[in-house]
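Working notes, structure below.
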Amino acid sequence: MTIGFAGLLSVVWRLFRRDATLLLPIAGTFVFLPAFAAALLCDPLPALPAGPRSEVAMEAWLSNVALWSQDNGIWLLLAELIGTYGIAAIALFLLEPDRLTIGQALGQAIVRLVAFTIATAAMAVPIALGLWLLVLPGLYVQARLIVAVPAMARHPALKPLASLRLSWKMTKGMDRALTGALVTLFLAQWLAVSPLLLADESLRSGAGNPLALALVDALIAAIGASYAVALLLLGVVAYRIRASKGT
C-alpha cells in the first residue's frame with residue numbers, strides 16, 4: 001500500500017503528539033531560543049535596492065551585505081550550530097535502537113555533533129540552490145535528502161556524505177509523497193511567517209515598541225523551530241517506513 005503526503009503528515013502529527021512532552025523542551029531550548037536570541041542580537045539584512053537595480057546599486061548592496069555578515073554572522077552561525085545539536089538530539093532520542101533518555105540523547109548529540117553538522121551543511125547547499133532557482137526543485141531535493149539525519153541517528157557508523165546517498169536511495173518511490181508533504185509544510189510556515197516579517201520590518205524601520213518587536217521576533221523564531229522539528233519528524237517517519245520494507 002502506497003502512502004500519500006496526507007498520510008505522511010498524519011503519521012508525523014501522531015508521532016509528535018505521542019512524544020510532545022519530551023520533544024518540546026529540547027526544541028524550545030536548543031532550536032527556538034538560539035534563533036530568538038539571534039533575531040534580537042542581529043541587525044536586519046540590508047534591503048535590496050528599491051529603484052532600478054543597476055550594477056553599481058547591486059555592488060553597493062553586496063558590499064553592505066558583506067559588512068553585515070562580518071558584524072552578525074557569528075551569532076547566526078552559533079544559532080544554527082546549537083539548532084543542529086537540538087535536532088540531532090531529537091533524532092537520536094527517536095531512532096536509537098535502545099531507547100535513550102533525554103539526557104543520554106543530548107550527550108550522544110554532543111559527541112556526534114561534527115558529523116551531524118557536516119551532513120546538515122552538505123544538505124543545505126543543493127537545497128538552497130534549488131530554492132533559489134525555483135522553490136519546487138529545492139523542496140524536491142530536500143525530500144530526497146530528508147532521511148539523512150534520521151539514518152545517521154539510527155546507524156552511528158554512517159558517515160555524513162554516505163547518509164546523503166542512503167537517503168537518496170531510501171526515498172526513491174516516496175519522492176512525490178514527501179515533496180507534497182514538504183510543500184504543505186513550507187506553505188503553512190510561509191503563510192504564518194510572512195505577515196510577521198512585514199511587521200518586523202515596520203517595527204525596525206521606525207520608532208517601534210521594543211516589546212512588540214521582541215514578541216514578533218519570538219513568533220518568527222517559534223514558527224522556524226516548529227518547521228525544523230516538523231521536517232525532522234517527516235524524515236523519521238520516512239526512514240521508518242522504508243526501513244520496515246527492508247530498503
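Note that this is a predicted model, so its numbers are computed, not measured.
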Common cluster, [X]/[Y], ILVMFWY with side-chain heavy-atom separation under 4.5 Å:
| X | Y | value |
| --- | --- | --- |
| L136 | F186 | yes |
| W190 | V229 | no |
| L178 | L187 | yes |
| L203 | L198 | no |
| W13 | L233 | yes |

Considering non-hydrogen atoms only, spot the tightest contact between [X] and [Y] and give its length.
| X | Y | answer |
| --- | --- | --- |
| M170 | R242 | O-NE, 2.7 Å |
| V216 | L196 | CG1-O, 3.3 Å |
| V31 | G83 | CG2-O, 4.0 Å |
| M152 | A119 | SD-CB, 3.5 Å |
| A89 | A105 | O-CB, 3.5 Å |
| T21 | P25 | O-CD, 3.2 Å |

Decide yes or no for [X] and [Y]: does some side-chain heavy atom of the first lie under 4.5 Å from some side-chain heavy atom of the second?
| X | Y | answer |
| --- | --- | --- |
| T120 | E80 | no |
| V11 | R240 | no |
| F16 | L24 | yes |
| T117 | Y85 | no |
| F30 | L106 | yes |
| R112 | P156 | yes |
| L23 | F93 | yes |
| Y239 | L94 | no |

If the condition is side-chain contact (heavy atoms from CB on, under 4.5 Å), which residues does A91 pass it with, not counting sequence neighbours? V149, A153, L232
Side-chain H-bond candidate by donor/acceptor type, R14 with S10, under 3.5 Å: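 Note: R14 and S10 side chains meet the donor-acceptor criterion.
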Supply the atom-to-atom distance [X] [atom1] to [Y] [atom2], rounded to the nearest 0.5 angstrom.
| X | Y | atom1 | atom2 | answer |
| --- | --- | --- | --- | --- |
| L15 | L234 | CG | CG | 10.5 Å |
| L182 | F5 | CG | CZ | 11.5 Å |
| R144 | K169 | CZ | NZ | 12.5 Å |
| I3 | I241 | CD1 | CD1 | 4.5 Å |
| I87 | I82 | CD1 | CD1 | 13.0 Å |
| L145 | L166 | CG | CG | 11.0 Å |

Is it true that a side-chain atom of S163 and a backbone atom of P160 form a donor plus acceptor pair closer than 3.5 Å? yes
Any salt bridge (Lys or Arg N to Asp or Glu O under 4.0 Å) pairs touching residues 217-231, not counting sequence neighbours?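 Listed by first then second residue: R204-D217.
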W75 CH2: over 12 foreign heavy atoms closer than 6.0 Å: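 It does not: W75 CH2 has 12 such atoms or fewer within range.
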Tell me whether the count of non-hydrogen atoms from other residues, nucleotides or ligands lying under 6.0 Å of CZ in R17 goes above 12. no
Apply the hydrophobic cluster definition, ILVMFWY joined by side-chain contacts under 4.5 Å directly or through others, and give me every member besides L40.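 In the cluster with L40 are F32, L33, F36.
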